[in-house]
Amino acid sequence: MAASVGVCRLRFRGFGGLDRFCLGFEPQTQKRFTSTTPAIKVQTESKTTKAAKESRTFQAIQEERREQAERSVLISCPPKFNENKFLDYLSKHGTINKHFFYNTYGAYAVVEFSSRESIASLKESTNIPAVEHEAAVPFKSRLLSLKWPGSQSSNHPMPKFQNQSPPSINEITQLLSEKDSIDEQLQCLTEALQLTEENISLRFLVCSLLQDIAGAYFPECIIRPFGSTVNSFGKLGCDVDMILDLNGIYATSQKKGSGLSLEYQVKRGASERAVTQSILSVIGKCVDQFGPGCVGVQNILQARCPLVRFAHQPSGFQCDLTANNRVAMKSSELLFLYGHLDPRVRHLVFSVRCWARAHSITSSIPGAWITNFSLTVMVVFFLQQRNPPILPTLDRLKELAGPSDKCVIEGNDCTIVSDLSKITLQRNTDTSEKLLQEFFEFYGNFPFNKASINIRKGKEQTKPETTALYIQNPFETTLNVSKNVNATQLERFVALCRESAWLLHQKEILNRSSVSPWGFAALLLPSVTSGAGVKSRRKKKLEPASSRIKNLLDSLKIKGGETVAKKGSANSSR
């Protein structure tokens, strides 16, 4: 993916100092964010605003980040420059709230001013570049280039560059092997992979820069990120999914008065889909021809959800732009709520996703693979099955919703509570280690041949169609979000779940001093699974494995698992 091309690698030694994740609406990344305000002031503000941040809704957080992005600029910098002089120059146009530097195809700075007037002042002093043999498109965006006069001396104090890329599997394996418990491993994994505060800010800024382009055709449009960028499960290097919001996703319904009223004159299209395709076609062409830093633009307009795909080279992000996809935004809000009800939710999601990617259960290439969204829904469903449940059902979130939360999109009731303080959780003290092991046992014995996954009801239901894997869309309840998954991929997933459950029962895997890598890190090693069968991963230590796998699976017998366990035992003895 473009997001991982040319970016600086995360230094392994830096992992140990990562802040611990705690319950809240934002990752605790204050220490990693470069600020122009004194450290003492930052710490004081952090303490006094913590409670306010934890009480904010998903919508309020997104609007705040979007407003911050509109006061920000993205500046390409020379290889060597003086950070203090750079900031002094920009400060002439107004107060700088925050800034940070990163590397993609060169050095870049993200600078957030305290007011939009500073952006206007900065633009007034910015020139259109003079080129000799090419014609420059005179588009005045907030993507700028810093020209440093004179020699670039190596004596300049270089700024600290923030990491924007995920660690490799080898780095993760080494890091986790140094932890003292599996619970610590899963927490550390989350901290190492999750989006940083800087990375989220950059994502919102890229959306804001694209909004400046789309605004030429639709002056009041808003481009909003959705999916992994905002649902609290985003991983460093993931794509940026965007929505071109033309009608105001969060706008309240207009009240019809009895007096005079006005309405816009508009052109009419054959269908809503045709209108969406036309809009995206025009925006895509504009981005391709006039959008600074936007390369590889593809108009994928015949997909079920039409989109424009492109790479934003200055940020390194691969971007997908759709239009008025309000259900997708509501799904992002739902996962955001689940991710902030209990920290174990994020730990389990990040670990399962990492495990799945290490074994090619998921892929960045479209196909028959299970998607990250499907995996996340499977984790939520599993946690709803605990005794007592760790997460509430979607129907319960609807019951707790107030009048202002009511939301119907294209005939689908998408109402969920927005105030987390209204949600009372039952007391469940299971460790993350236990939940991880039981997740693998649960889906290693799940009756996929006859049952579907439904987080709205929080219980298994009979499959309405004969697809290999049926996961009901949380809001568009007639859709299967995993319809693309074929039987072969599902069998691989089940076999890997059984193998991982078995490994987590082995004392040598659970003992740090016995083997390295150990614990969850051992689950990331090359798989024993080949097709739907099971072979031995460590032939010297774990063979003969068939009898132990059979005994383990026979002992699980979770929800009709006897039949599945016998099948798994037969496969393992082939």
Side-chain angles (χ1 to χ4, degrees), residues 1-8 66 68-79 81 86 90 99-113 119 122-123 126-131 134-148 161-165 195 198-217 221-225 229 236-244 280 282-300 307-322:
M1 294 189 302
S4 60
V5 177
V7 293
C8 60
R66 191 175 66 83
Q68 290 172 344
E70 291 180 349
R71 293 186 275 106
S72 301
V73 292
L74 180 57
I75 303 176
S76 173
C77 302
F81 63 98
F86 170 69
L90 294 179
H99 75 281
F100 65 90
F101 301 91
Y102 69 93
N103 268 316
T104 51
Y105 298 95
Y108 282 87
V110 174
V111 181
E112 178 195 323
F113 289 94
I119 301 295
L122 187 63
K123 281 188 171 182
T126 302
N127 302 314
I128 298 292
V131 291
E134 297 175 325
V137 177
F139 180 69
K140 299 180 180 179
S141 74
R142 286 175 288 136
L143 176 56
L144 312 173
S145 295
L146 174 65
K147 299 302 179 181
W148 196 269
F161 291 96
Q162 300 291 336
N163 173 66
Q164 303 295 324
S165 62
L195 298 180
E198 299 91 340
N199 194 272
I200 295 174
S201 297
L202 180 58
R203 288 165 180 268
F204 272 82
L205 177 53
V206 171
C207 290
S208 184
L209 294 175
L210 193 66
Q211 179 179 311
D212 292 343
I213 299 175
Y217 294 93
C221 74
I222 298 174
I223 291 186
R224 305 179 187 275
T229 297
L236 285 170
C238 67
D239 295 350
V240 181
D241 295 315
M242 309 173 178
I243 292 175
L244 175 63
L280 289 178
V282 172
I283 298 299
K285 186 173 182 179
C286 188
V287 169
D288 189 22
Q289 297 293 325
F290 309 128
C294 299
V295 298
V297 180
Q298 306 174 60
N299 287 347
I300 309 175
L307 61 92
V308 174
R309 176 167 295 165
F310 63 95
H312 188 259
Q313 202 168 43
S315 64
F317 295 143
Q318 182 73 34
C319 305
D320 287 347
L321 174 66
T322 59

_Between H312 and C294, is there a side-chain heavy-atom distance shorter than 4.5 Å?_
yes
_Closest non-hydrogen atom pair, K140 against I128_ = CG-CD1, 4.2 Å
*Decide side chain to side chain contact (heavy atoms under 4.5 Å, CB included) for L236 and N163; before the verdict, give the C-alpha distance in whole Å, the side-chain angles of both, and the deciding distance to 0.1 Å.*
CA-CA 9 Å; L236 285 170; N163 173 66; 3.8 Å; yes
_Closest approach of G291 to I213 (non-hydrogen atoms, all atoms of both residues)_ = CA-CD1, 3.6 Å
*Side chains of Q164 and N199: donor-acceptor distance under 3.5 Å anywhere?*
yes
*Between the side chain of R66 and the main-chain N/O of S208, is any donor-acceptor distance below 3.5 Å?*
no
*asked:* Whether the side chain of R142 engages the backbone of L205 through a donor-acceptor N/O pair (distance < 3.5 Å, no angle test) should be reported.
replied: no
*Is it the case that more than 12 heavy atoms not belonging to K123 sit under 6.0 Å from its NZ atom?*
yes
*Rounded to the nearest 0.5 Å, how far does CZ of R309 lie from CD1 of I300?*
4.0 Å
*For residues C207 and R224, report the shortest heavy-atom separation together with the two atoms involved.*
SG-C, 4.4 Å
*Are side-chain heavy atoms of V308 and I283 found at a separation under 4.5 Å?*
no
*Could you grab the distance from atom CG of L209 to atom CG of L143, nearest 0.5 Å is fine?*
6.5 Å
*asked:* Quick check for you: to the nearest 0.5 Å, what is the distance between S76 atom OG and K147 atom NZ?
replied: 7.5 Å
*asked:* Is the shortest side-chain heavy-atom distance between N299 and L280 below 4.5 Å?
replied: no
*For the ring pair F81 and F86, is the centre-to-centre distance below 6.0 Å?*
yes
*Residue pair S315 / T104: nearest heavy atoms and the distance that separates them*: O-CG2, 3.4 Å
_pair L146-P78: side-chain heavy atoms closer than 4.5 Å_ = yes
*Locate the shortest heavy-atom distance separating I75 from S145; write the atom from each residue and the value.*
CG2-C, 4.4 Å
_Checking F317 against T229 for the side chain to side chain contact (heavy atoms under 4.5 Å, CB included) test, could you report, in this order, the C-alpha distance in whole Å, the side-chain angles of both residues, the deciding distance, and whether it holds?_
CA-CA 11 Å; F317 295 143; T229 297; over 6 Å; no
_Any side-chain heavy-atom pair of F204 and Q68 under 4.5 Å_ = no
_As an exercise, state the distance from CG of L144 to CG of L74, rounded to the nearest 0.5 Å._
8.0 Å
_When you compare the side chain of Y108 with that of L202, does any pair of heavy atoms fall below 4.5 Å?_
no
_L90 side chain near H99 side chain, heavy-atom distance below 4.5 Å_ = no
*asked:* Donor-acceptor pair, distance only, cut-off 3.5 Å: does the side chain of T322 make one with the backbone of M242?
replied: yes
*Which distance, rounded to the nearest 0.5 Å, do you find between the CG of L307 and the CG of D241?*
9.0 Å
*Pairwise distance CD(E198) to CZ(F161) - rounded to 0.5 angstrom*: 13.5 Å
*Taking side chain as C-beta onward, heavy atoms only, is I222 less than 4.5 Å from Q211?*
yes
*Do you know the tightest heavy-atom contact between V110 and Y102?*
CG2-CE2, 4.0 Å
